[in-house]
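Before any comments, here is the structure.
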Amino acid sequence: MKFTFYGHACFLLDTGKEKLLFDPFLSGNHLAAIKAEQVECDYILLSHAHADHFGDAPSIAERTGAKVIAIPEIIGQFPETVTNFQPMNLGGNYKAPFGSLKMVTAMHSSGVPGGIAAGFIIKFNEGITVYYSGDTALFGDMKLFGELFDIDYAVLPIGDNYTMGPEDALIATRLLKAKTMIPLHYNTWPVIAQNPQDLKERAAKENVSIKIINPGESIEL
Ligand code: NI
Ligand code: MN
């Protein structure tokens, strides 16, 4: 399975059969590694409706016909021309063709009235479990996620100001008992400037593994 980082909080998970695109903010993102018109995907997963996550979702959904997985209030933001949806809500599980997907709590505002921010825990058919928290604060139920799931990769924001900063993301990784943490949501703007290398070195002293991926780079999970 391939993980490709497109910048900010946008990434693609390619199982070889299906392509899952997360939080496609590409237009207007000076660090974006791909143009919205070039993205190919079968699913679009949205953590919440802030512009730096919802971004290009309507145009990509319309062009590709990808199934949009999100909270109903966020689905309500799409134009009528987009019709392929999997509405979910917190605590719900969706038995998807690529595996088992659970929508979980995030501690963040949603960007749309009545909505709520969410994260995703996906147990892929390939046997890999990935947790994407979306924008969030550190919260205690991450410990529960770590007990209920065998998380291989935790994809977490480290930018601070709008979300967890590096210190809290490190605590989160420990609570989640994640084998590897992939940081995102930093350096897009000065207010979320971070040095992930510092974090990686600090984490290594605590035997926490951090994988830094630059926009445009891919790794095999
Ligand atoms: Ni946000
Ligand atoms: Mn954000």
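Remember, it's 1-based here, ligands and their atoms both numbered in the order they're listed.
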Query raised in the report: Is V39 close to L21 at the side-chain level, that is, under 4.5 Å between some pair of heavy atoms?
Result: yes

Query raised in the report: Given NE2 of H48 on one side and ND1 of H50 on the other, what angle do they make at the Ni ion (ligand 1), to 10°?
Result: 90°

Query raised in the report: Would M181 and K211 count as a side-chain contact (heavy atoms from CB on, under 4.5 Å) if you check the C-alpha gap in whole Å, the side-chain angles of each, and the deciding distance to 0.1 Å?
Result: CA-CA 6 Å; M181 189 265 263; K211 182 78 191 163; over 6 Å; no

Query - Main-chain N/O of S27 paired to D56 side chain as donor or acceptor, under 3.5 Å - result: yes

**Report entry** Shortest-distance N/O/S atom, D135 versus the Mn ion (ligand 2)
**Finding:** OD2

Requested in this report: Tell me, please, if D135 has any N/O/S atom, main chain or side chain, under 2.8 Å from the Ni ion (ligand 1)?
Outcome: yes

Query - H53 near the Ni ion (ligand 1): N/O/S under 2.8 Å - result: no

Can an N, O or S atom be found in [X] less than 2.8 Å away from the Mn ion (ligand 2)?
X   : answer
H8  : no
D23 : no
H48 : no

Report task. Return the minimal non-hydrogen interatomic distance between A33 and F5, and the atom names on each side. Result -> CB-O, 4.3 Å

Query raised in the report: How wide is the angle at the Mn ion (ligand 2) between NE2 in H53 and OD2 in D52, to the nearest 10°?
Result: 90°

Query raised in the report: So E206 and R202, salt bridge (Lys or Arg N to Asp or Glu O under 4.0 Å) or not? Walk me through it.
Result: CA-CA 7 Å; E206 303 176 28; R202 209 160 65 244; 5.7 Å; no

Requested in this report: Could you tell me how the ring of H185 sits relative to the ring of H53: parallel (under 30°), tilted (30 to 60°) or perpendicular (over 60°)?
Outcome: parallel

